[in-house]
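Note on naming: letters A, B, ... go to the chains in the order of the sequence lines (proteins, then strands), and numbering restarts at 1 for each one.
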There are 2 protein chains.
Amino acid sequence: MTTDNHFAQETVPRDDLLLEKFLPYRLSVLSNRVSNAIAQAYGTRFELTIPAWRVMAILGRFPDLSAADLVEQTAMDKVAISRAVSSLFKNDYISRSEDPSDRRRQVLNLTELGREVYERIVPLAQQYENDLMSSLSPEERQQLDSIIEKLMGRAQAWAERGLID
Amino acid sequence: MTTDNHFAQETVPRDDLLLEKFLPYRLSVLSNRVSNAIAQAYGTRFELTIPAWRVMAILGRFPDLSAADLVEQTAMDKVAISRAVSSLFKNDYISRSEDPSDRRRQVLNLTELGREVYERIVPLAQQYENDLMSSLSPEERQQLDSIIEKLMGRAQAWAERGLID
DNA sequence: TAAAATTGGTTTCAAATGTAACCACTGCAG
DNA sequence: CTGCAGTGGTTACATTTGAAACCAATTTTA
């Protein structure tokens with residue numbers, strides 16, 4: 001017990017868990033709703049999965065990255081990146097070119113086709129985001145930004161230092 | 001185009017998507033980090049998956065629900081509920097009793113064992129939540145609550161009224 | 001009161017995902 | 001140089017997940 005509870009555990013009136021107020025639960029529901037909606041928008045229009053779209057989003061801004069760089073940037077799994085990359089390659093959305101200075105490494109870039117799709121998706125993505133944000137006041141947006149940052153820090157700490165207790 | 005943009009689309013300086021600032025992305029990363037950490041805590045201690053734990057959380061507060069009721073309460077998938085229920089049943093954490101007034105329906109409840117586990121997990125769950133919340137000031141908690149509510153409303157609207165555009 | 005349509009719940013099948021093993025290459029220690 | 005630890009990336013396999021088909025019981029409706 002990390003909190004200093006002055007009451008004996010057993011006799012304290014048991015306050016049940018209100019799932020609908022439980023932050024991890026709410027985050028999960030919210031995130032799933034949002035992701036699913038957007039995934040559907042990408043998917044039906046461009047046959048892109050979310051990981052694939054993320055890869056494109058990064059490559060659109062930072063050319064000449066390797067898969068490993070992408071892993072670092074996105075915090076996504078190695079394998080997920082590999083699969084996304086090879087599917088994007090198959091669709092001719094990105095190019096892989098061998099790095100002469102390290103023949104294990106592949107330098108990735110959007111192809112012309114890839115960039116076209118990218119240019120079309122960015123506004124779509126921003127539209128979704130704007131739509132979400134439009135329900136918030138400027139102050140709230142600011143607050144949300146900083147709150148997410150803090151929560152992320154805490155959750156990150158779990159992963160690094162191990163779980164609570 | 002729903003916003004009134006006074007500039008010609010093509011000539012506006014293209015502002016790329018900053019994935020690390022893109023709300024849907026950040027929500028997803030945050031939610032996954034949190035869920036995974038907690039899932040691990042439940043899983044290693046009680047062999048509970050997240051859906052299973054959610055079912056218990058609801059049943060702990062509202063006895064005598066059916067699977068369909070759970071679907072409604074949690075917004076989880078029918079199949080996920082079915083699987084969680086049958087695994088919980090197998091572990092003797094919940095009981096299924098046939099509803100005489102409708103023989104398709106099964107009335108679910110925590111068993112004694114189930115309730116014991118429930119009573120032990122609730123504090124654990126709350127500890128995680130407290131730990132997250134401890135990084136926020138009281139005002140921020142309040143803000144977060146209302147912000148989530150608003151975002152949820154917007155995302156909900158997508159599901160109901162169909163996607164943007 | 002006999003179809004037809006609905007509802008509660010499970011099963012089946014395919015696709016998505018994660019873990020671990022794996023190859024190919026690099027770089028460094030001896 | 002050779003050996004071998006570490007890195008970039010893919011493959012294989014087991015597990016999870018979701019969609020749709022499905023069965024059984026119930027309600028509707030004609």
Side-chain angles (χ1 to χ4, degrees), chain A residues 28-29 31-33 35-40 42-44 47-55 58-59 62 64-91 94-109 159, chain B residues 28-29 31-33 35-40 42-44 47-55 58-59 64-90 94-109 159:
Chain A
S28 153
V29 172
S31 162
N32 285 339
R33 285 219 179 108
S35 292
N36 291 338
I38 300 188
Q40 202 182 325
Y42 299 159
T44 59
E47 304 202 26
L48 284 178
T49 62
I50 288 202
W53 154 242
R54 284 187 187 162
V55 166
I58 300 285
L59 284 180
F62 307 108
D64 294 324
L65 297 185
S66 69
D69 297 333
L70 289 170
V71 168
E72 199 189 328
Q73 283 270 342
T74 60
M76 288 167 54
D77 183 271
K78 216 187 175 195
V79 180
I81 294 282
S82 170
R83 293 199 254 245
V85 162
S86 68
S87 115
L88 286 171
F89 180 71
K90 217 172 288 172
N91 289 352
I94 66 174
S95 64
R96 296 160 139 159
S97 56
E98 192 177 77
D99 181 343
S101 75
D102 183 340
R103 302 209 328 278
R104 292 167 306 184
R105 204 159 182 283
Q106 310 186 356
V107 180
L108 305 174
N109 276 294
Chain B
S28 152
V29 172
S31 161
N32 285 340
R33 283 220 180 108
S35 290
N36 290 338
I38 299 187
Q40 201 181 327
Y42 297 161
T44 59
E47 304 202 25
L48 283 178
T49 63
I50 288 201
W53 155 243
R54 285 187 187 162
V55 166
I58 300 286
L59 284 181
D64 293 324
L65 297 185
S66 70
D69 297 332
L70 289 171
V71 169
E72 198 189 328
Q73 283 271 342
T74 61
M76 288 167 55
D77 183 272
K78 216 188 175 196
V79 180
I81 294 282
S82 169
R83 293 200 253 244
V85 162
S86 68
S87 114
L88 286 171
F89 181 70
K90 217 172 289 173
I94 66 174
S95 64
R96 297 161 138 158
S97 56
E98 191 177 77
D99 180 344
S101 75
D102 182 341
R103 300 204 334 276
R104 293 168 304 183
R105 204 157 182 285
Q106 308 184 7
V107 180
L108 305 173
N109 276 296

Of all heavy-atom pairs linking A/Ala67 and A/Leu108, the shortest is N-CD1, 3.9 Å
Between CH2 of A/Trp53 and P of C/dA16 the distance, given in whole Å, is 19 Å
Whole-Å distance, B/Glu98 CD to C/dT10 C1', equals 15 Å
Can you list the steps and then say if A/Thr74 with B/Val29 is a side-chain contact (heavy atoms from CB on, under 4.5 Å)?
CA-CA 9 Å; A/Thr74 60; B/Val29 172; over 6 Å; no
Ranking D/dT26, C/dG9, C/dC25 by distance to the side chain of A/Arg103, first place goes to C/dC25
note: B/Gln40, atom CD; D/dT15, atom P; distance rounded to Å ~ 18 Å
The correct set of residues in residues 75-88 of chain B placing a heavy atom under 4.0 Å from DNA chain C is B/Lys78, B/Val79, B/Ser82, B/Arg83
Whole-Å distance, A/Ile50 CD1 to D/dT17 P, equals 16 Å
Q. Which part of the nucleic acid, if any, lies within reach of A/Thr49 when heavy atoms closer than 4.0 Å are counted: base, sugar-phosphate only, or nothing?
A. nothing
Rounded to whole Å, the CD1-P distance (A/Ile94 to D/dG9) equals 11 Å
Closest to the 5' end of DNA chain C, once B/Asp69 and A/Ser101 are matched to their nearest nucleotides, is B/Asp69
For A/Asp99, the salt bridge (Lys or Arg N to Asp or Glu O under 4.0 Å) test, sequence neighbours excluded, returns A/Arg105
For B/Gln73, the side-chain hydrogen bond (donor to acceptor under 3.5 Å, both in side chains) test, sequence neighbours excluded, returns none
Rounded to whole Å, CZ of B/Arg105 lies from P of C/dG8 at a distance of 8 Å
N/O (side chain, A/Arg96) to phosphate O (OP1/OP2, D/dT10) under 4.0 Å:
yes
In this structure, CG of B/Leu59 is separated from CG of B/Asp69 (nearest 0.5 Å) by 9.5 Å
From CG of B/Asp99 across to P of D/dT27 the rounded distance in Å is 10 Å
Separation of D/dG9 atom P from A/Leu65 atom CG, nearest Å, is 11 Å
Which atom pairs, one a donor and one an acceptor, fall under 3.5 Å between side chains of residues 78-86 of chain A and the rest of the protein, sequence neighbours left out?
unit_1	atom_1	unit_2	atom_2	d
A/Ser86	OG	A/Ser82	O	3.4
A/Ser86	OG	A/Arg83	O	3.3

Contacts of A/Pro51 and B/Gln106 projected onto DNA chain C by closest heavy atom; the upstream (5') one is B/Gln106
For A/Asp102, the salt bridge (Lys or Arg N to Asp or Glu O under 4.0 Å) test, sequence neighbours excluded, returns A/Arg104
On a heavy-atom basis, the closest approach of B/Phe89 and B/Ile94 is CD1-O, 3.5 Å
Could you run down the sub-3.5 Å N/O contacts of the protein with nucleotides 3-7 of chain D?
unit_1	atom_1	unit_2	atom_2	d
D/dG6	N2	A/Arg104	NH1	2.8
D/dT7	O2	A/Arg104	NH1	2.5

Those residues at least two apart in sequence (or on a different chain) that pass side-chain hydrogen bond (donor to acceptor under 3.5 Å, both in side chains) with A/Asp64 are A/Asn109
Those residues at least two apart in sequence (or on a different chain) that pass side-chain contact (heavy atoms from CB on, under 4.5 Å) with A/Ser87 are none
Residues at least two apart in sequence or cross-chain that pass side-chain hydrogen bond (donor to acceptor under 3.5 Å, both in side chains) with B/Arg96, listed by chain then number, are B/Gln106
Contacts under 3.5 Å, N or O only, protein and nucleotides 1-5 of chain C:
none

A/Arg54 meets the salt bridge (Lys or Arg N to Asp or Glu O under 4.0 Å) criterion, sequence neighbours left out, with none
